[in-house]
Amino acid sequence: MAPPPEQKAPVGRYTGTRVPRVEDARLLTGAGTYVDDVVRPGMLHACFVRSPVARARFGAVDVSRALRLPGVHAVLTAHDLNPGVHEQWYSLNGRDDPDTPRPPLAEDEVRFVGDPVAMVVADDRYIAEDAAELVVVDYKPLPPVVDYAVALQSPESVHASHPGNLVGQLAGRPMADLGPVFDNAPHVVSRTLHQQAHGPVPLETRGIVAEWTAAPGEMTVWASSQAPHEVRSFCARLLAVDENRVRVVVRDTGGGFGQKVMPQREEMCVMLAAVRLPAALKWIEDRQEHLLAAGQARHEHGEVRMAFDDDGRILAATLDHVQDAGAYPTPSPVRSGIAVGLLFPGPYRIPEGTFSSRFVFSNTSGRVAYRGPWQFESMAREVVLDAAARRLGIDPVELRRRNMLRHEDLPTVNCHGMPYDHITPYETFEQALEMLDYPAFRREQEHARAEGRLLGVGTCTYVEPTAGATPFHSTEGATIRVEPSGKVSVHVAGGSCGNSLETTVVQLTADALGAAIEDVGTVQGDTAVTPFGGGTGGSRSGSMTAGAVAETAAGLRARILAIAAHRLEVSVDDVEFVRSRATVKGRPEHGLTLAEIADIAYFQVHALPPDLPAGLEASGRYRTPHPMIWANATHVCTCEVDPRTGAVKLLRYIVSEDCGPMINPSVVEGQIYGGTVQGIGGALYEHLAHDDDGNPLATTFMDYLLPTATEVPVIELGHVETHGPGPGGHKGVGEGGAIGSAPAVVNAVADALAPFGAEITRLPLTPATVVGLLERSGAVAV
C-alpha cells in the first residue's frame, strides 16, 4: 500500500526546520518558573510524616508535641483530611472504571515505607521537618508482602478489599488453544525474564502550591504537572467545587515522563488542606521522599514461549505476564497494562498468539506511568528472539529479517487484533544495520574474541501507538488570536515539560496562518485562559496539537485573506499571505501587513466585508478519527564486557526512527536522546531495590545509580519518513527512545556472553550480575 500523499502546510515552511527553541532563553539563563519559585503572601509549607515500616497497623497519632513547636500551624491526619474527599477518579480512566484504594493519608494501616501518615503545616519547611519528627505513631508491624511475584500465593493481603492481592487481570484466547501448535513445532524456545523496579526520577521532583480563596470559593493551584486540565478536573471532583472555580497554573516542569500526568496522594492532601488554611500551602518533595514514595515502574516479569519452523519462521508466541502494582498505583494498572499483551507481537508476522496479564499488589510504593508503560512487551519479545536465534543457530539479524513485517504486508492486524498501518519496521531495521556496518562489526567481534575480548551487538525493533489511544487523549483544542498590533498568540493546554511544545506550537501556527515566526507567541499551562486538553502523555502532543492548530488556523487565515482582498480590491484567490504580509499576486509591492489587517479588524470595523465579524480570534478543536497513530524505530547497540569486573562499556548506539515528517528535527532528536539514555539506565544501573522486610535500599543518588555523560556513547540517528494518517502526517516520538533502548542493550550484553552459554533472565545488568552469569557458566573461576 502506498503512503498517503504529503499534506503540506500552506506557506511559511517553518515546519520541518531546526527553529531554535523559544524556551531556551529563559531556561538556560535560570529564568524559568518552577513550582518552588512560586511565593504567595503568608505562604505555609507542608512536610509529611511517613511510615518507617512496610506494613503495620496503627491507632491514634499523637501530634501534641509537634503542635507546641513554634511556627507550626497544624498537624493533619486521616481523621482530618480523608473525610473531605468527594470523588477522586481520573479522566484517563473514567468515572466507572474499577480503581484501587487511594486514601490521601494512611488510615489504620500503613502499606509501604514512606506511606504518608500525617501532614505538618508550618511557617517553613525546616520547622515542618522538625515537627514531623515529634509526631508519635505507635506502629504494630504486620508481615509485609514485598515480593509481588509470590503475592498471589501469600496469606497476607496488602488491601483487605483485595484478598489474594490481585488488582485485576486480562487475557487473550486460552493458552491451551495453542497447545497443538507448540506440540508440533520443530523448535520451541521459552524464557522467563524479570525486569527490576525503577522509576522516572525527573530532574524536578513533585511539587504543588494550593491557595483557597474562601469568599468566592475558588482554588488556585500551581503544579509540577504534565496535564494542567487533568489537575483542574481532579481538584474540582476531589473538593466538590465547580470546575470553573479551580484554576491550575503550570509554568516550567523539570521533566515528567508519565509520573506527573495525574495527581497522587500528597497532591490530594495539599488540595484538601488548603481549604482549611488561611494562606497558600506549598509542598516540594525532596529527593529522598521521591525515591521512597513517588512511585515505581517497570517491575514485572513474563514467561515467553515462541514456536519456530525449521527455517526460523515464527509459528506462535505467548506471554504470561505478571506486573507489580505496589500499594497505591496511579492510575489503575489494569488500564495501562493491557498494552503489554496487545503489543507483544510487535513488528513481526506471528500467525498465532495469546497473552495473560495479572496485576498484583505489594507493600512497596505504587506503580506509576513511565515513558512507554508497556515497554516490557519489547523487552520480553526482543530478548527471546535473540535467545531463539542462538538456539536455532541463526544470526539474530537474519532471524528478524525472516519474520519482520514489510511494506507489502500492510495494512495488517496482529494476532491480538491490533491494526497496523503507516509503519516501516523493516526499513528502520535495515537503515540502522547499514549505519553500523553489521558485517564489519561481526568481523571485528570475531577478531576480538580471539584476543579474549567480549564484544556484543543487540537490536530492538518496535512499533508504538501514539496520539488518540484513549478517549481522554483523542481531542485537543487551540485558540489563536491576532492582537491589534499584528502579533499572534496561540493558546493550547500544553505546558513546558521538556518536550518543547512551546516551539512546536509556534512553528505550526506560523505555517498554518502564514505569519512570520517572530510574530508568534504562545500561552500554555494556565487553565484559566487555555482550551481543555489532555496534556503531555502517550506521545500525543505533536500530532494532536498539529490538528488543533490546523483546525483553528484555517478559518482565521480565511478571514485574514478576506480582509486583505476587500481592502486591496481583488479576489481572495489573488491574495498571497506570507510572513505576515498580504500581497497581490504578481504585484508584491501592493500589499498589507498583518498589523494593518488587524487594525482594520479591530478599529475600522466599518471597513470590513459585510459578512465578516470584527476582530481576529478563533477557537477550534481537533478530534482524531484514528484510534491510534503508529510510530516505529530500531535501536542497535554494541558493547564490550570486561569478564573480570563485569563492567559493560557501550561502544556505539544507533537509532533509526520513523515518526513521520518532523516538525522540528532538533526537538525530535532531543526526545530520542533523552528516552534512549533512560532505557540505558534501566538496563544497566537503576534499581529501586527493597530488602525482605520492604525497606528501600536506594533512597539517594549514591545508591540509585543513573547513567551520566561518561557512560553513554554518542547516539547516532537515522530517520525514515513516512506520513501517518493524521494532520501533517506527524507521528509521536516522545516515548520510543525509552522503549527500544533497554532491550537493545540487554541483547548486546547477551551477545557478548554468548560463547559461554550465559542467558540473561534478570535486570539490571550490574557488574555483579554479569560476573555471576560468567561464574555460573564456568567462564571465570568462582
Side-chain angles (χ1 to χ4, degrees), residues 51 54-55 88-90 92-94 97-103 106 109-116 142-154 156-171 193-200 257-259 261-266 268 291-302 319-342 355-377 379-380 682 687-690 694 696:
S51 171
R55 185 172 177 235
Q88 53 163 285
W89 54 272
Y90 297 116
L92 186 69
N93 292 1
D97 195 68
D99 209 345
T100 55
R102 197 175 292 108
E109 186 174 321
V110 292
R111 291 180 170 85
F112 68 97
V113 174
D115 200 346
L142 297 168
V145 183
V146 180
D147 185 357
Y148 80 97
V150 299
L152 294 173
Q153 290 77 45
S154 173
E156 304 293 332
S157 295
V158 177
H159 294 281
S161 57
H162 289 70
N165 298 309
L166 182 67
V167 183
Q169 60 186 332
L170 47 92
L193 185 69
H194 295 256
Q195 186 162 242
Q196 86 283 14
H198 54 288
F257 313 122
Q259 188 178 64
V261 171
M262 284 156 283
Q264 295 189 51
R265 294 166 67 213
E266 290 88 348
M268 293 165 58
L291 291 170
L292 275 176
Q296 49 93 0
R298 301 286 200 258
H299 201 197
E300 52 209 313
H301 72 271
L319 172 64
D320 186 4
H321 169 235
V322 184
Q323 188 179 91
D324 185 4
Y328 294 106
T330 304
S332 167
V334 180
R335 165 77 66 167
S336 59
I338 187 174
V340 176
L342 294 175
F355 69 94
S356 171
S357 287
R358 289 169 290 170
F359 309 93
V360 185
F361 283 123
S362 68
N363 288 119
T364 61
S365 63
R367 187 178 183 92
V368 293
Y370 180 24
R371 216 167 186 175
W374 55 85
Q375 172 261 16
F376 187 75
E377 51 83 25
M379 176 67 75
H687 192 187
L688 283 170
H690 294 78

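Start at 1 with the first residue, then count along the sequence.
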Rounding to 0.5 Å, atoms CG (Asp147) and OG (Ser154) come to a distance of 10.0 Å

Phe361: ring-ring contact (aromatic ring centres under 6.0 Å, His included) partners, not counting sequence neighbours:
His159, His162

Got Ser332 and Pro98 here, is their nearest side-chain heavy-atom distance under 4.5 Å?
no

Any side-chain heavy atom of Met379 sitting closer than 4.5 Å to one from Arg298?
no

Answer yes or no on whether Arg265 is positioned over the face of Tyr328, meaning its NZ or CZ is under 6.0 Å from the six-membered ring centre and within 45° of the axis.
yes

Rounding to 0.5 Å, atoms CZ (Phe359) and OG1 (Thr100) come to a distance of 12.5 Å

Indicate the atoms forming the closest heavy-atom contact of Pro163 with Ser157, along with that distance.
CA-OG, 3.6 Å

Please identify each residue that fulfils side-chain contact (heavy atoms from CB on, under 4.5 Å) with Ala197, with sequence neighbours left out.
Gln296, His299, Leu688

Ignoring hydrogens, what is the shortest heavy-atom contact between Val167 and Ala325? Give both atom names and the distance.
CG2-CB, 3.8 Å

Side-chain donor-acceptor distances from residues 366-375 under 3.5 Å, at least two apart:
residue: Arg367; atom: NE; partner: Gln323; partner atom: OE1; Å: 3.2
residue: Arg367; atom: NH2; partner: Glu300; partner atom: OE2; Å: 3.2
residue: Arg371; atom: NE; partner: Gly734; partner atom: O; Å: 2.7
residue: Arg371; atom: NH1; partner: Gln678; partner atom: OE1; Å: 2.7
residue: Arg371; atom: NH2; partner: Gln671; partner atom: O; Å: 3.3
residue: Arg371; atom: NH2; partner: Gln671; partner atom: OE1; Å: 3.3
residue: Arg371; atom: NH2; partner: Gly734; partner atom: O; Å: 2.9
residue: Gln375; atom: OE1; partner: Gln195; partner atom: NE2; Å: 2.9
residue: Gln375; atom: NE2; partner: Gln195; partner atom: OE1; Å: 3.2

Under 3.5 Å, side chain of Glu266 to main-chain N/O of Pro116, donor-acceptor pair present?
no

Gln169: which residues meet the side-chain contact (heavy atoms from CB on, under 4.5 Å) condition with it, sequence neighbours left out?
Leu166, Arg358

So do Gln259 and Gln264 actually touch side chain to side chain, heavy atoms under 4.5 Å?
yes

My understanding is that only residues two or more places apart in sequence, or in another chain, count here; which of them pass side-chain contact (heavy atoms from CB on, under 4.5 Å) with Ala151?
Val145, Asn165, Val360

How long is the gap from CZ on Arg111 to CG on Leu142, to the nearest 0.5 Å?
9.5 Å

Under the salt bridge (charged side-chain N to carboxylate O under 4.0 Å, His left out) rule, collect the residues that match up with Asp324, sequence neighbours excluded.
none

Report yes if some heavy atom in the side chain of Leu92 is under 4.5 Å from a heavy atom in the side chain of Asp97; otherwise report no.
no

Minimum heavy-atom distance between Ala54 and Val113, given as atom pair plus value
N-CG2, 3.5 Å

For Ser357 versus Gly337, what's the shortest heavy-atom pair and its separation?
OG-O, 4.5 Å

If you define the side chain from C-beta out and look only at heavy atoms, does anything of Arg55 sit under 4.5 Å from Glu109?
yes

Provide the closest heavy-atom pair for Val110 versus Ser51 in the form atom of the first, atom of the second, distance.
CG2-OG, 3.3 Å

Is Leu292 close to Phe112 at the side-chain level, that is, under 4.5 Å between some pair of heavy atoms?
no

So, do His301 and Tyr148 have ring centers that fall under 6.0 Å from each other?
yes

For the CG atom of Asp115 and the OG1 atom of Thr364, what is their distance to the nearest 0.5 Å?
11.5 Å

Side-chain heavy atoms of Tyr90 within contact of Arg102, under 4.5 Å
yes

